[in-house]
Protein chains: 2
Amino acid sequence: MINTFYNQQDQLFVGVDCIIFGLCEGSLKLLLIKRDFEPHKGEWSLMGGFVRQNESVDNAARRVLKNLTGLDGIYMNQVNTFGDVNRDPGDRVVSVAYCALLNMHEIDNCALQKYNATWVDYNEIPRLCMDHNLMIEHAINKIRHRMRTEPLAFRLLPQRFTLTQLQNLYETLLDTKIDKRNFRRRALENSCIVSTNYIDKENSRRGARLYEYHSERLELLSFKI
Amino acid sequence: MINTFYNQQDQLFVGVDCIIFGLCEGSLKLLLIKRDFEPHKGEWSLMGGFVRQNESVDNAARRVLKNLTGLDGIYMNQVNTFGDVNRDPGDRVVSVAYCALLNMHEIDNCALQKYNATWVDYNEIPRLCMDHNLMIEHAINKIRHRMRTEPLAFRLLPQRFTLTQLQNLYETLLDTKIDKRNFRRRALENSCIVSTNYIDKENSRRGARLYEYHSERLELLSFKI
DNA sequence: TCAAAAGTGTTCAGGGTACACCCATGG
DNA sequence: CCATGGGTGTACCCTGAACACTTTTGA
């Protein structure tokens, strides 16, 4: 009885593609794969997969991310759906792009090798197959907007971070220079960011105070840096 | 040779649903249909359709809108993709929601009747079938954001409009009261909005000056009211 | 003559931006 | 002792918000 309403309609392949951002020693990276399968074998690509009959599109994205990184429960956001007829030379595939932000040090490097995945610098993104460059562009625009209204940075940073690290991240993502004093003042006014008693001695002789995000205050609706 | 890469993958129905906003005598409306077909026969619904093998998802949305309204080339925006497994009791359907803004007076009322479609006040949106209320919520949030950064209002208004009409539209969409003097000052500072020599005598004894959007200036990246 | 909508400037506060120097430490 | 990154306050400007009365005209 079910499965009879839409019999005359076409069915299409539905894919997900993941734009995965990570931060490594202060520089922002994107996780890309060199395809060792057709179509577009040998070209750069986002990591993707197909949505199965019995999983939601969101879950398909989570599954693809987990396969690649071993990580569960990562923050992911739908970016946009790409549905041109000939976007994929393999067949007609409608693809939903998702964006993930994660802390690079948590991730499983074996899985990365298995999929032939590597971190590529955010400022040196190569030409990718199909419409994947366009997907990345959409994702970046979306992140830029969210950075201004939500606490996102903590998803990329280690648990404890210096204000300089935080500022560098904002500068990279927003592609702008920020005045140090103004940035620090605003960061400290922001109740999500709390000071710890730890000092980072790795990046300077003097040492820099480490801060954390205050998990219970992350829910705050308005966020400003 | 083509069509062999993805053979083992599932194929799904892909739908589009249209959230259609229109303005009628100063009040904002949504175009909904009372379904005279299964599933959810008799319930309120967005107008939708299925994406065909040989059309892009964007074009499917345009086709659905054109069928219903007779209008071509209407401003439409992808809102979000809804992909829960059981969102549609008829079958597994992944649906891409689109938002359209149009001027109600241009549209073909015969087609509306054919589909059992009616304009429903923006402030009295009924319970709709499936996840359609959620789609509308997403669409409204997106419009609210775009209102502040793009000239959108002119897509809903007639070609010539009074500043009071414009202000009412902003107040409805943003769900806020705006100070008249501040609003008018900002509107007139905005180079997209130009004064005409026409006077509207329908809505007041005194008459109100009619304005137009300046089409060549609509491309401006930043927009503020 | 009055009801109803159109139209019109000024003041004030707060947020954002610009700007330069001292501090602590390891090598 | 010096090179390196960490850390700190103030002044100004501009934008956004608040606020009330006069004008026009049809009924």
Side-chain angles (χ1 to χ4, degrees), chain A residues 23 25-27 144-145 147-149 153 157-158 160-172 174-212 220-225, chain B residues 23 25-27 144-145 147-149 153 157-158 160-172 174-212 220-225:
Chain A
L23 197 68
E25 282 139 37
S27 60
R144 283 193 181 154
H145 176 248
M147 285 290 276
R148 301 176 189 277
T149 53
L157 291 165
R160 300 199 184 100
F161 52 87
T162 67
L163 292 185
T164 304
Q165 288 176 308
L166 186 66
Q167 180 173 352
N168 287 339
L169 179 53
Y170 272 83
E171 289 184 339
T172 306
L174 301 178
D175 192 25
T176 177
K177 265 292 179 214
I178 308 177
D179 179 86
K180 183 164 57 153
R181 278 172 292 188
N182 292 337
F183 182 85
R184 296 170 88 90
R185 175 165 15 86
R186 287 196 296 257
L188 298 177
E189 279 166 3
N190 186 315
S191 67
C192 299
I193 299 169
V194 297
S195 135
T196 73
N197 289 320
Y198 298 91
I199 304 289
D200 167 72
K201 302 285 284 183
E202 309 230 326
N203 300 300
S204 71
R205 302 193 155 98
R206 174 171 170 178
R209 180 167 298 274
L210 288 161
Y211 292 80
E212 302 183 322
L220 292 174
L221 275 183
S222 80
F223 184 81
K224 265 298 193 64
I225 282 218
Chain B
L23 196 68
E25 282 138 37
S27 61
R144 283 195 181 152
H145 175 248
M147 286 290 277
R148 301 176 190 276
T149 53
L157 292 165
R160 301 199 184 100
F161 52 86
T162 67
L163 293 184
T164 304
Q165 288 176 308
L166 186 66
Q167 180 174 351
N168 287 339
L169 179 54
Y170 272 83
E171 289 183 339
T172 306
L174 302 178
D175 192 25
T176 178
K177 266 295 182 210
I178 308 176
D179 178 86
K180 184 163 58 152
R181 279 171 291 186
N182 292 336
F183 181 85
R184 297 169 86 90
R185 175 166 14 86
R186 288 195 296 255
L188 298 177
E189 280 165 3
N190 186 314
S191 67
C192 298
I193 299 168
V194 296
S195 138
T196 72
N197 289 320
Y198 298 91
I199 303 289
D200 167 72
K201 301 284 284 182
E202 309 231 325
N203 299 300
S204 72
R205 302 193 154 100
R206 174 170 172 178
R209 180 167 298 275
L210 288 161
Y211 292 79
E212 303 183 320
L220 292 174
L221 274 184
S222 80
F223 183 81
K224 266 295 193 70
I225 280 217

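Order of the sequence lines sets the chain letters (A, B, ...), proteins ahead of strands, with each chain counted from 1.
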Enquirer: Please determine whether a side-chain nitrogen or oxygen atom of B:Arg185 lies at a distance below 4.0 Å from atom OP1 or OP2 of C:dT10.
Expert: no

Enquirer: Grab the CD-C1' distance between A:Glu189 and D:dG9 for me, whole Å please.
Expert: 13 Å

Enquirer: Would you say B:Arg184 places a side-chain N or O within less than 4.0 Å of OP1 or OP2 belonging to C:dG7?
Expert: yes

Enquirer: How many Å lie between CD on B:Gln165 and P on C:dA5, as a whole number?
Expert: 13 Å

Enquirer: Determine yes or no for a side-chain-to-main-chain donor-acceptor pair under 3.5 angstrom, with B:Arg184 supplying the side chain and B:Leu163 the backbone.
Expert: no

Enquirer: What integer distance in Å separates B:Phe161:CZ from C:dA6:C1'?
Expert: 16 Å

Enquirer: State, to 0.1 Å, how close A:Ser195 and A:Arg209 come at their nearest heavy-atom pair, and which atoms those are.
Expert: OG-CD, 3.7 Å

Enquirer: For the pair made of CD in A:Gln167 and C1' in D:dG7, what is the distance, rounded to whole Å?
Expert: 12 Å

Enquirer: If you compare all heavy atoms of A:Glu171 against all heavy atoms of A:Lys177, which two are closest, and at what distance to 0.1 Å?
Expert: OE1-NZ, 3.4 Å

Enquirer: Return the 5'-most residue of the pair A:Asn182, B:Ala208 with respect to DNA chain C, ranking by each residue's nearest nucleotide.
Expert: B:Ala208

Enquirer: Name the closest nucleotide to the B:Arg181 side chain, picking from C:dG7, D:dT8, D:dA20.
Expert: D:dA20

Enquirer: Within a strict 4.5 Å, meaning less than it, do heavy atoms of the A:Phe183 and A:Asp179 side chains meet?
Expert: no

Enquirer: Which is more 5' along DNA chain D, the nucleotide nearest A:Leu188 or the one nearest B:Lys180? Just name the residue.
Expert: A:Leu188

Enquirer: Please answer whether the main-chain N or O of B:Phe161 pairs with a side-chain N or O of B:Glu212 as donor and acceptor at a distance below 3.5 Å.
Expert: no

Enquirer: Counting only side-chain heavy atoms from C-beta out, which of C:dT17, D:dG5, D:dC19 sits nearest to B:Asp179?
Expert: D:dC19

Enquirer: Just the rounded figure in Å: distance from P of C:dC23 to CD1 of A:Ile199.
Expert: 18 Å

Enquirer: Rounded to whole Å, please give me the gap between CZ in B:Arg186 and C1' in D:dG16.
Expert: 7 Å

Enquirer: Using heavy atoms to find the nearest nucleotide of DNA chain D for B:Arg205 and A:Arg206 separately, return the residue whose nucleotide is more 5′.
Expert: A:Arg206

Enquirer: Would you tell me if any nitrogen or oxygen in the side chain of A:Thr164 comes within less than 4.0 Å of OP1 or OP2 on D:dG6?
Expert: yes

Enquirer: Without decimals, in angstroms, what is the distance between A:Phe183 CZ and D:dG6 P?
Expert: 12 Å

Enquirer: Give a yes/no on whether any side-chain N or O of B:Lys201 is located under 4.0 angstrom from OP1 or OP2 of D:dG26.
Expert: yes

Enquirer: Have a look at A:Thr162 and say if it touches a base, only the backbone sugar-phosphate, or nothing, with a 4.0 Å heavy-atom cut-off.
Expert: nothing

Enquirer: Nearest whole angstrom, please: distance from the C1' of C:dA18 to the NZ of A:Lys177.
Expert: 15 Å

